[in-house]
Amino acid sequence: TGWLGKLKRGLARTGNQLVDLFSGGGKIDDELYEELETILITSDVGMDATRHLLADLRREVKEQRLTEASQMKEALAHCLLKLLKPLAQPLDTGTHQPFVIMLCGVNGAGKTTSIGKLAKHFQSQGKSVLLAAGDTFRAAAREQLMTWGERNNVTVIAQQSGDAAAVIYDAVQAAQARKIDVVLADTAGRLTTQAHLMEEIKKVKRVIDKALPGAPHEVLLVLDANTGQNALSQTKAFDDALGVTGLVLTKLDGTAKGGVIAAIAKAHPIPVRFIGVGEGLDDLRPFVAEEFVSALLG
Ligand code: GDP
């Protein structure tokens, strides 16, 4: 199946509940709003965004004098679109050369996989890509990246030992010398509760700026959409430490309820640059709000 099909399947659980609710043939009443509230909250939309959406929906229903439940689907789609559209800001790497992207996230979020997908994405735009194997905690991560680079004709800068900052510093310098378009700097997965590791990643960012003043040009946080409200606390912690400029939301094909994107839009409206809908190299696409809402509500 194609990319949209995967997204649709991923969001089907939430989408079907909503579509069923609205196609019951009833009137718009308090009970309908209550059921909608339950669906939104159990779909990871969270309290704040749910309250916001319901208030906006009530306003729209009143303004347009809607009375039938069947009319709610379109109204909800419109409210969701208003909430999500500000997040849809595609990443423009044309502003700097090299354009340095630093990736961060907790273990298992899909960081390494996303780096491969991103490299392919930029290569397919005719851009040269260099990877910095900054995950120096796991030897396997370095090996994985190097093997991947060889297979896909992407230079990988790695070191047997040494710290992440040193590897990435070298990589940014190499990228300048070789006139590379995009640098993808990997960092080790870390828990936001590990204070020393959060200090270490701040240092990585400072060292990148030393190698190339003004860089990194993008700090991408990779989030697993299945982690629900945890994704919010991760966003806050990494943003406080690094100033996150973009998000990659992975695994929207899985058991994701999808609602976390609305929660993010309300609490931390950081652009969602890409969404991941599978393990394959082509399963990463720029986030388009209209596509997301239509995949959800059909
Ligand atoms: P890291 O620890 O953050 O580097 O995570 P990995 O890149 O190793 O990914 C962890 C697991 O999630 C792997 O099994 C990946 O194949 C899987 N994964 C990553 N992104 C996606 C996605 O968008 N959809 C699905 N279904 N699996 C994904």
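Sequence positions, counted from 1, serve as the residue numbers for this chain. Indexing begins at 1, ligand by ligand and atom by atom, following the structure's order. All values reported here derive from a predicted model rather than from experimental measurement.
Below 30°, between 30° and 60°, or above 60°: for H121 and F274 the angle between ring planes is above 60°, a perpendicular geometry.
Taking every non-hydrogen atom of N107 and a distance limit under 4.0 Å, the qualifying atoms of ligand 1 come out as 2 (O). Each of the atoms 3 (O) of ligand 1 lies under 4.0 Å from some heavy atom of V106. Listed by atom number, the atoms of ligand 1 under 4.0 Å from G276 heavy atoms are 23 (O).
Proximity of V222 to ligand 1, defined as any heavy-atom pair under 4.0 Å, is not found for any part of the residue. For V277, every heavy-atom contact with ligand 1 shorter than 4.0 Å involves the backbone, none the side chain.
With a 4.5 Å cut-off on side-chain heavy atoms, L103 and I115 count as touching. L223 is not listed as a side-chain neighbour of V248, based on a closest heavy-atom distance of 4.5 Å or more. A 4.5 Å side-chain heavy-atom check between L87 and P271 finds every atom pair outside the cut-off. Contact check for Y33 versus E37: no side-chain heavy atoms found under the 4.5 Å cut-off. Annotation: side chain of M102 is not in contact with side chain of L220 (no heavy-atom distance under 4.5 Å). K6 is listed as a side-chain neighbour of D283, based on a closest heavy-atom distance under 4.5 Å.
By the 4.0 Å heavy-atom criterion, G189 is excluded from the residues contacting ligand 1. In this structure, G105 has no heavy atom closer than 4.0 Å to ligand 1. Look at G254 and you'll find every heavy atom at least 4.0 Å from all atoms of ligand 1. At a 4.0 Å cut-off, not a single heavy atom of D283 sits close enough to ligand 1 to count as contact. Ligand 1 has K117 within reach: a non-hydrogen atom of the residue lies less than 4.0 Å from it.
The protein heavy atom nearest to atom 24 (N) of ligand 1 is D253 OD1, 2.9 Å. The protein non-hydrogen atom at the shortest distance from atom 11 (C) of ligand 1 is K251 NZ, 3.9 Å. Nearest protein neighbour of atom 8 (O) of ligand 1, counting heavy atoms only, is T113 OG1, 4.1 Å. Looking only at heavy atoms of the protein, atom 4 (O) of ligand 1 is closest to T112 OG1, 2.6 Å. In terms of protein heavy-atom proximity, atom 5 (O) of ligand 1 is nearest to G110 N, 3.1 Å. The protein heavy atom nearest to atom 22 (C) of ligand 1 is G278 O, 3.2 Å. Protein heavy atom at the shortest distance from atom 3 (O) of ligand 1 is K111 N, 2.7 Å. In terms of protein heavy-atom proximity, atom 10 (C) of ligand 1 is closest to G108 O, 3.7 Å.
For ligand 1, the polar-atom distance check finds an N/O of E279 within less than 3.5 Å of one of the ligand's N/O atoms. Taking distance alone, with nitrogen or oxygen atoms compared against 3.5 Å, L252 stays at or beyond that limit from ligand 1. Close N/O approach between S114 and ligand 1 is not found [any backbone or side-chain N/O within under 3.5 Å].
Residue pairs meeting the side-chain hydrogen bond (donor to acceptor under 3.5 Å, both in side chains) criterion with at least one partner in residues 15-24, sequence neighbours excluded, are absent.
Between the CH2 atom in W3 and the CG atom in L284 there is a gap of 9.5 Å [rounded to 0.5 Å]. A distance of 6.0 Å separates NZ of K205 from CG of L242, quoted to the nearest 0.5 Å. To the nearest 0.5 angstrom, H217 atom NE2 is 9.0 Å from D209 atom CG.
Exactly one residue among L184, T112, I157 makes a side chain to side chain contact (heavy atoms under 4.5 Å, CB included) with L145. That residue is T112.
Within a 6.0 Å sphere centred on CD of E74, other residues, nucleotides and ligands contribute 12 heavy atoms or fewer.
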